[in-house]
Each structure stands twice: as C-alpha cells, then as structure tokens.
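After the structure tokens below, expect a handful of questions from me.
The shown structure was predicted, so the numbers you read here are calculated from the model rather than taken from an experiment.
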Amino acid sequence: VVLVRTRGLWGSSFSWARTGTKPSLTGELSRGVFKLLANLIVFAPRRRVTMTLEAFTAAERPEPTREAMNPWIEKWYNADGGEQPTFVPTHFLFGPRTHEFPPHYQAPIPDASKVKQPVKDAIAKLLAEHVKRSLTESENLPETTLASLGLDSLETMEIAVQVEQQFGFTSELLPVNVGQLWAIASGLAESGPPKPPPPLWFTPPSDTKPLEILGETIPEAFWNRARRHPKNVAAADDLAGTLTYEKLLIGVLTMAKRFESLPGENVGVLLPASVAGDIAVLGLHFAGKTPIALNWTTGPSAMAHAVKITGLTRVITSKRFIDRTQLEVPGAEFVFLEEIRAGVGKLELLRRLIAVRFFSSFIKPTFKTDPHAAAVVLFTSGSEKAPKAVPLTHANIISDLRGATPPQELTRADSVLGFLPMFHSFGLTIAGLFPILAGAKVVHHPDPTDAAALARKAAAYQTTILIGTPTFMGFIFSRLKPGEVPHLRIVVVGAEKCPDELFDRVKAIAPQATVLEGYGVTECSPCVSVNPVAKPKRGTIGQPLPNVRVCIRDLDTDLPRGPNEMGMLYVNGPNVFPGYLAHDGEPPFSMIDGERWYTTGDLASLDDEGYIVFHGRLKRFLKAGGEMISLPMLEEPFATKYPPTDDGPQVAVEGIELPGSRRVVLFATFEISLAEANAILKADGLGGVMRIDDVKKLDAIPVLGTGKTDYKLLRSQITKP
C-alpha cells in the first residue's frame, strides 16, 4: 500500500480555503491566465508544494478492517498536525503580502431544550449500535464529539445517512458531535454559509403585467414565453446559477435532442426541485415524451410498480442525486444528466444560441399540440397497496395555472421560492412550472427539509411568494427573524390544515405578507380552491378557482347540502384528470345532474360566502409534510407475516395527525421492536414516509361486531409523543 500526502496546495485559488466556498474552476483559470501575464510569466510567484510517498508492507499495515485501517490512515495523513492554508501573493511586486483566510465553518450545537427526548434516545441507541456499547451519561451530551466515541469519518457519514433516512431531514454538513446528530434528526441542522445570489437575479422584468399563460400546452406556453421575454430571468439554483429564458430554452432544446433517442413514449424523472428538473421536464415535452414523476419517498416497490404500469425503461436523474440518496428504480436504467452534458460541445451551444436569438421564427420545434394528451403522470397512494397513477393532461394543468392567477393577484414582478420535489403535484405545477410559464421567476432549493438554507434563500433572493405545505413553512419561519423578508408578499399553503401558530408566526416575522390557505388534490392538477389575497378568510381553504366548481352532498342521501352543512366534497372543471392508469378499482367519479364530478373523499362544507371549510378525510389516510400516508398499505406486510388466528387479528396499524407531523403505531399481540417493524416494511419495499413511529403490545386487537378491526378504538389509544 502506497500513501501519498501533498502539502502547500491548500490555500490556493482552487481550494475552498481562499473564500470559504467552492471556487469556480473556469473563473479561477481565467484569472490565473491574467495573473501570469501580469507577472510577465517568468516572475509569477510560485507555491512550494511537497509530496510525500510512503510504502507499507503487509507486516507494517494494520489488519484489513475498517475499524483498524481508517484511524491508521487518518493518523498518517495528519502526522504533521494537518495542513494550514498557505498564502502566495498574486503579483511579484504589487500583490498583497498578507491574506486573512476565513475560518472553517462549524455548525453550531443546537439548544438541547429544543430537541425532544425520544429523538435523543433514538440517537443514543443508534450510536450504541455502532460503538458496540451503551453511551455513558457523560457521553450522551450535545458537545460530545463522535471522534471521541471512536467513530471515524466513514462511520460518521453512515450514521448521518441513517439519521436522515429515519427522521426524514437532511443536512449538507458532516456532523462532528452528538448535538449535531440531534439537530439533523429534529430538522434543526444549520448548513454552511449561503451562496450569494448572482446579480443577474435582481434584473427587473421588462414589464410588470399580470401573469399569463401563452399557450394551450406546456411546451407551447414555454416556447412563446421564451420568445417574448428572452432576456428576462426565468429560473435559478445554486448549481446552475441564474438563467434567462433564452438560456433556459437553449438548455431545453439541447436536452430534447438527446431525449428523442430514448426508447418508449414514457420517460421517468427522478430529480429534486432544481433548474435541472425544469430542463428535464420541458426537454421531454419538446422531445415528444411524457414525463413520469417518480416518488422516491415510498420505497423501491412503489417505484417498481410505477415502472411496470407506465412501461418505463429509462429514468432521467442526476449522478450527484443518486450518490446522495442511494436510490434504485427496479426495472429501469438511469440516464444521468451529467453524462449528457459532458457530450455537449461549445460549438453546438453556439449554433443553438444563434438559431434561438436570430432565427427563432424558423426553428419552432414540432412538439405535441394536443391539449388533451397526458402532460405528466404522478402517483398518489390509495387504500390499496399499489399507488395509483394519475395522468394530468396539458389542458388540466394549463387551466389550473390560469385559474390560480386572479385570486392571488400575481404579476411578472413576483418571484417564487420552489422547494417541493417534482413528484409532488403542488411542487411540479404551482411551485415549478407556473412561474416559468406565466412569466415570473423561480429560485429552487433541492431539500425541502433544509429549513435554515430555505430561510436564508428566501431572504437573499428577496422572493415575494412562498409556496409549500404548512409543515415546511413552519420550519422556514422558525429560522427567520423579523425584517429578514421585507419583500415577501404571499405565503400559499396547502396539502394539510394550516395551524394557527403559523399564521401568528408569519405575522410576527413578515407583517406585510398574507397567508393564503388553499386546497388541492393530485387528481385536480392540483388546485381546487385558494383564499383570495384581497379577502382571505382564516379557518377556510378559500373559494373555488374561477374555472372550478364544487358541491357538497350528503353521505347517506346524496342530496345537496345547504350552507354550513358538512358532506362529501365533489369537484368539476377542466382541471379534473381523465382517470387512473391501469386501475381496476372503483372509479373516482360520480354522475351528478348528468355531469361527471370527481369524488374527493374529503368532508367539507360551504359557508354563506362560498368559502370552503375543510372537515377531514373519509378514507384511512394520513397527511404529514404534505405527503399522503396509506395506513392499509403499511398494515399489509404485517398482516401477511402475522395472519389472523382463531383469537382474531395479531396486528393492526393506526395513526393520527399532529401539528406538523404524524404518529403511526403498530399494534401487536406479541413482542416486536420498532427496529424490527420498520425492517419488515423495508423488506417489503417501503421506506421514507412509509414507516412506523411506535409499537404497542395489546392482549388482543379490538374488533367490531362484524369481525373487522376497531380502528376508532385503536386511534383513541394513540397519544402524542
């Protein structure tokens, strides 16, 4: 084994040490050429670089185990105390002779009082499994370093990934102490210094007219918008920077050319909220393909089902994203955007730029023009095991986007912070496609659980609109301080009931902003109603969009309900989808007065002013963080493994919704640990939000007179953690 150690490079313009952030390779190379010329080449100050090589025979190496090898390697690389940044003047005569390197960012230790005891206990248990012993009282403290527990950097990364998967939060930073693991598990982890917005982001639009959709299909609307406002800002994120409509169109056309050769009509998309996601979806449309948005939070079996019923063979994703998440899509091959980009030459981009800028009237792509063709397929979990495939047509989505504009009085001066993933109907259409197609601008962030980064991004980019679920909004506003978002105008929330606490918090942080609670379902593209900004009504989910009709009917008699009377909520309008794909269950539609209406399965009432009051769900669903959780789907693996006996059922799963979270409990007549329960779900292909939060042992599972499980009684036995 030969080890190689370099010294003298840390601190150069190509390292993080100079600014504390990732340097631009192209930019530093360009500046480097200029500095060489300024130093007349031969007088350029030189950096003293040393390289140490040392060979070790088998007798000199420790045993080949991770526990022995990793500390040995780390010790060798840091034998001289580790490397400190070295500064070299940029000019042999006039360059500065000193430089103060920014301190290395260290995430703060969270306030232990903000971390719930079950989280602390779970982290202690996880650490004990790795160090092969229980933590002492003096070790189970926030300031205890993971290195002091004997954990190396690889083990630390493994633990961090386990915490992210178990608790649903992520962090870009590698934790160094117990407290930072608590922070990740609680959604309190701080990220590194924010990347400042490019100046181009703040370029005002060419006009401030109301938002408008300029076409009857998604590609047509984007093409017309990009041609009308090519120099206006369209989208941004930390990786892509800020793109104008012209640059975004060039990226879309370039990718579309590659996507055309992909086999099949349907192509999967597995990407977080990002400019890359925008380009992938629009590029598929320009290539004549239908994007299939895959929900990675429900585990591999659900994605395998999606592959099967939509006939997928290829899934567009990012190597960086897959490396981070370790996702697999059984039955389909990945197409990595990084590899496609590597094959795009500068000359091709130049030709396309010239064509778009000067000859766009002659190069209009031949994309699909049928508004009633499927524009995307999304998936939503039902009461059965397999998720249902929801095709939304261009007409569905376009009509919904048009209907959402008037109530919120949106203009081209608005900007959106988009962070919900693409498989989320709200994230794909309202927080993703809407601003781009309608003429506003959107800045993306890939991780909806990274509250600190989202708060900083909302402040730095001066976004005027936040769109998301109350859960995620609560995380964001918990990190904001009064006066940090003075430009914020509207906070649109949906997918779950908005708690009073969020209304109060927004008022304290941004009194100029208005919280607009709305309602939607994937099958309705997804918006059904929203509170108008001119007259919001707290405690309601707003009025139906201008082009949407709703009605409330009695559950037993199916007769119309009067004002303030609760019943089943039905929806009719151009935003309602045509029907599930490959679905052999009951259709989700009802005929009312000769028209087809979508049956939401939700209970609601209409008040005297036509505002909708939401009363709850009829089916055995939970919603947490905007994601639908099917309790029957969670129960099935246990019922299969532990079938009913003569004494009745052995298992049952029930849950309750909590403000900003949920509590799903496995009831069993035998001893089973929480880890064992979730291992059973994992073996069945479930994961992410599809997990058990607690296990309770009962002498017997309660049943009704019909022999069915009494879930109502079980629900009453679930308490808050």
- Query: Ignoring hydrogens and geometry, is there a side-chain-to-backbone donor-acceptor pair from Asp237 to Leu239 under 3.5 Å?
  - Reply: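 Yes, Asp237 side chain to Leu239 backbone: donor-acceptor pair under 3.5 Å.
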- Is a donor on one side and an acceptor on the other found under 3.5 Å between the side chain of His583 and the backbone of Ala389? no
- Task: Run through Thr156, Val163, Ile159 and flag the one making a side-chain contact (heavy atoms from CB on, under 4.5 Å) with Pro175.
- Result: Thr156
- Any donor-acceptor N/O pair, Asp400 side chain to Cys527 backbone, under 3.5 Å: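 It does hold such a pair.
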- Mind running side chain to side chain contact (heavy atoms under 4.5 Å, CB included) on Leu294 and Leu327 for me, showing each step along the way? CA-CA 11 Å; Leu294 299 175; Leu327 291 170; over 6 Å; no
- Message: Measuring from atom CD1 of Ile340 to atom OG1 of Thr254, what distance do you get when rounded to the nearest 0.5 angstrom?
- Response: 11.0 Å
- Query: Which atom names give the shortest non-hydrogen contact between Thr463 and Leu466, and what distance separates them?
  - Reply: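 So the two residues come closest at OG1-CD2, 4.0 Å.
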- Query: Any idea how Trp223 and Phe286 line up, ring-wise: parallel (<30°), tilted (30 to 60°), or perpendicular (>60°)?
  - Reply: tilted
- Query: Which class fits the ring pair Tyr245 and Phe222: parallel under 30°, tilted 30 to 60°, perpendicular over 60°?
  - Reply: tilted
- Message: If I take atom CD1 from residue Ile218 and atom CD1 from residue Ile397, how far apart are they, to the nearest 0.5 angstrom?
- Response: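 These two atoms lie 4.0 Å from each other.
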- Query: Under 3.5 Å, is there a donor-acceptor pair between the Ser318 and Glu338 side chains?
  - Reply: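 A donor-acceptor contact under 3.5 Å links the two side chains.
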- Message: Working note: Thr380 + Val521, criterion side chain to side chain contact (heavy atoms under 4.5 Å, CB included); need CA distance, chi angles, decisive distance, verdict.
- Response: CA-CA 9 Å; Thr380 180; Val521 288; over 6 Å; no
- Query: In terms of the angle between their ring planes, are Phe426 and His424 parallel, tilted or perpendicular, with boundaries placed at 30° and 60°?
  - Reply: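 If you compare the ring of Phe426 with that of His424, the planes turn out tilted.
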- Message: Can a donor-acceptor pair be found, under 3.5 Å and without considering hydrogens, that links the side chain of Thr464 to the backbone of Ser415?
- Response: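 Yes, the answer is positive, given that a donor and an acceptor are paired below the 3.5 Å cut-off.
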- Message: Has Asn266 got a side-chain atom pairing as donor or acceptor with Thr310's backbone, closer than 3.5 angstrom?
- Response: yes
- Message: So for atom CD, which belongs to Glu328, do other residues, nucleotides or ligands contribute more than 12 heavy atoms lying within a distance under 6.0 Å?
- Response: no
- Task: Taking all heavy atoms of Val307 and all of Gly331, pick out the closest pair and write down the distance.
- Result: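 Smallest interatomic distance, heavy atoms only, reads CG1-O, 3.9 Å.
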- Query: Are Arg352 and Glu348 ion-paired here, with the side-chain N under 4.0 Å from a carboxylate O?
  - Reply: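 Result for this pair is yes, salt bridge flagged.
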- Message: Check whether Thr317 reaches the backbone of Leu270 with its side chain - one donor and one acceptor, N or O, closer than 3.5 Å.
- Response: yes
- Task: Check whether any side-chain N or O of Lys289 sits under 3.5 Å from a backbone N or O of Gly264 as a donor-acceptor pair, and report yes or no.
- Result: yes
- Query: Which residues satisfy the ring-ring contact (aromatic ring centres under 6.0 Å, His included) test with Trp296, sequence neighbours excluded?
  - Reply: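 By the ring-ring contact (aromatic ring centres under 6.0 Å, His included) rule, Trp296 matches Phe321, Phe423.
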- Task: Output every pair passing ring-ring contact (aromatic ring centres under 6.0 Å, His included) with a member in residues 427-471, not counting sequence neighbours, ordered by first then second residue.
- Result: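 Non-adjacent pairs meeting ring-ring contact (aromatic ring centres under 6.0 Å, His included): Trp201-Tyr461.
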- Message: Donor-acceptor pair, distance only, cut-off 3.5 Å: does the side chain of Gln462 make one with the backbone of Ala459?
- Response: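 Not confirmed, Gln462 side chain does not pair with Ala459 backbone.
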- Task: Test side chain to side chain contact (heavy atoms under 4.5 Å, CB included) on Asp684 and Ile680 and set out the steps.
- Result: CA-CA 6 Å; Asp684 200 61; Ile680 291 172; 5.8 Å; no
- Lys457 side-chain N/O to Val443 backbone N/O, donor-acceptor pair under 3.5 Å: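 Not confirmed, Lys457 side chain does not pair with Val443 backbone.
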- Query: For Lys247, does the NZ atom sit with more than 12 other heavy atoms under 6.0 Å from it, leaving out its own atoms?
  - Reply: no
- Message: I'd like to know if the side chain of Arg479 and the backbone of Ile476 have a donor-acceptor N/O pair within less than 3.5 Å.
- Response: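 The answer is no, because no donor-acceptor pair under 3.5 Å joins these two groups.
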